[in-house]
Amino acid sequence: MIVSYLQDEGYTTSSMLLQDEANIRRLEAKRDEQDRRQKGKAVKKAIIEGEWAEVEKFLNKSPIRSMKSFLYFVYKQQYFELIDRQEFQKAFTYLTKKLKPFEGQQAQPEEFKNLCYLLTCRSITDVDKEWDGIPAARARLASMFASLMADSELTDLTEDQAPQEMPA
């Protein structure tokens, strides 16, 4: 509408400049979205392959609040893997350094106690009946991550499309 007004009034240079700027912004937004999706795919792959440092780096840098809480599930998965490999000393250290700060944030109040109890069990299935091995657990975690990314994209879209007030 503004472009057609500028053209009608004879401001063709301004009209072309406005169109160029609008296209540049659209291209930048498209590039940002592609970059975000590529990072999301890389993190999903890192989860499946157990490259936890890469996953943690992404989650700590993410501005999305739900990604910070997702970090707990990543730590829990790493802890389960240590228990599964029967590396109890490393698991104990991991429990106290990484999982303990999340103690009050779990959905179930007994969850941290169950994580502690795992250190005395022969198998994870003694506490978590749904445990079906590292690959399946990583796949579930990757799926959870993908749905969080999709939710955050929907939130971004609705925030971008929200009507903006015009200055008075």
Side-chain angles (χ1 to χ4, degrees), residues 25-164:
R25 287 194 184 109
R26 238 181 268 134
L27 288 174
E28 286 175 352
K30 194 179 235 184
R31 262 189 249 121
D32 289 346
E33 181 60 29
Q34 287 173 342
D35 193 37
R36 182 177 170 179
R37 286 186 182 178
Q38 285 177 338
K39 285 180 183 176
K41 286 179 183 179
V43 171
K44 190 175 174 182
K45 181 181 176 193
I47 289 170
I48 290 172
E49 294 176 355
E51 296 174 11
W52 302 117
E54 186 71 28
V55 174
E56 191 172 353
K57 182 176 145 187
F58 174 81
L59 294 177
N60 283 325
K61 286 183 178 180
S62 177
I64 304 166
R65 173 180 270 166
S66 59
M67 292 299 172
K68 304 291 185 211
S69 59
F70 180 71
L71 190 58
Y72 166 74
F73 293 103
V74 171
Y75 289 159
K76 187 176 161 184
Q77 174 65 30
Q78 289 176 275
Y79 177 71
F80 277 10
E81 290 183 20
L82 290 169
I83 296 290
D84 194 56
R85 291 190 305 261
Q86 298 189 355
E87 296 180 36
F88 297 112
Q89 190 62 41
K90 285 182 182 178
F92 175 74
T93 303
Y94 200 84
L95 177 74
T96 57
K97 289 187 178 182
K98 297 286 187 169
L99 288 168
K100 178 76 171 153
F102 290 96
E103 183 178 5
Q105 299 175 9
Q106 289 110 8
Q108 301 168 346
E110 298 292 315
E111 189 170 1
F112 188 76
K113 289 179 185 176
N114 289 338
L115 293 175
C116 292
Y117 178 64
L118 269 174
L119 289 169
T120 65
C121 298
R122 292 187 189 271
S123 169
I124 294 174
T125 55
D126 292 349
V127 174
D128 186 353
K129 302 295 181 203
E130 295 177 14
W131 178 258
D132 51 357
I134 292 173
R138 286 181 182 176
R140 277 194 305 274
L141 194 63
S143 175
M144 182 190 262
F145 174 76
S147 66
L148 281 175
M149 287 294 287
D151 288 349
S152 69
E153 286 176 21
L154 290 175
T155 303
D156 289 350
L157 285 176
T158 55
E159 287 174 359
D160 289 346
Q161 295 172 354
Q164 305 209 350

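On a predicted model such as this, the values are computed, not experimentally measured, just so you know.
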Is Phe73 atom CZ crowded by more than 12 heavy atoms from other residues, nucleotides or ligands, each under 6.0 Å away? no

Carboxylate-amine/guanidinium proximity below 4.0 Å for Asp132 and Arg140: yes

Leu118 and Phe88 have their tightest heavy-atom pair at O-CE2, 4.3 Å

Salt-bridge present (Lys39, Asp35; N to O < 4.0 Å): yes

Apply side chain to side chain contact (heavy atoms under 4.5 Å, CB included) to residues Arg36 and Met149 and explain how you reach the verdict. CA-CA 9 Å; Arg36 182 177 170 179; Met149 287 294 287; 4.1 Å; yes

Could you tell me the separation between the CG atom of Asp128 and the SG atom of Cys121, rounded to the nearest 0.5 Å? 11.0 Å

Do Tyr72 and Glu111 have side-chain atoms, one donor and one acceptor, less than 3.5 Å apart? yes

Minimal non-hydrogen separation, Lys44 against Phe145, with atom names: N-CE2, 4.1 Å

Please find the pair of heavy atoms, one from Ala142 and one from Ile47, that lie closest to each other, and give the distance. N-CG2, 3.8 Å

Between Trp52 and Glu81, which heavy-atom pair has the shortest distance, and what is it? CZ2-OE2, 3.3 Å

Separation between CG of Asp84 and OG of Ser123, rounded to the nearest 0.5 Å: 7.0 Å

Okay, side chain of Lys129, backbone of Thr125: is any donor-acceptor separation there less than 3.5 Å? yes

Just verifying a value: how many Å separate Arg31 CZ and Gln34 CD, rounded to the nearest 0.5 Å? 8.5 Å

According to side-chain contact (heavy atoms from CB on, under 4.5 Å), who are the partners of Lys90, at least two apart in sequence or on a separate chain? Leu82, Glu87

Enter the distance from Leu115:CG to Lys76:NZ here, rounded to the nearest 0.5 Å. 6.0 Å

Nearest heavy-atom pair of Ile134 and Gln77: which atoms, and what distance? O-NE2, 4.1 Å

Test: ring-ring contact (aromatic ring centres under 6.0 Å, His included). Region: residues 107-131. Which pairs qualify, not counting sequence neighbours? Phe80-Trp131

Using side-chain heavy atoms (C-beta onward) and a distance below 4.5 Å, is Tyr79 in contact with Lys98? no

Tell me every residue that passes salt bridge (Lys or Arg N to Asp or Glu O under 4.0 Å) with Lys100, counting only those two or more places apart in sequence or in another chain. Glu103

Taking all heavy atoms of Pro101 and all of Thr96, pick out the closest pair and write down the distance. CD-O, 4.3 Å

Any chance you could measure Gln38, atom CD, to Glu33, atom CD, to the nearest 0.5 Å? 11.0 Å

Exam field: side chain Asn60 to backbone Glu56, donor-acceptor pair closer than 3.5 Å: yes

Could Glu54 and Lys45 be called an ion pair, given the rule that one side-chain N must be under 4.0 Å from one carboxylate O? no

How long is the straight-line distance from CG of Asn114 back to CD1 of Ile124, given to the nearest 0.5 Å? 12.5 Å

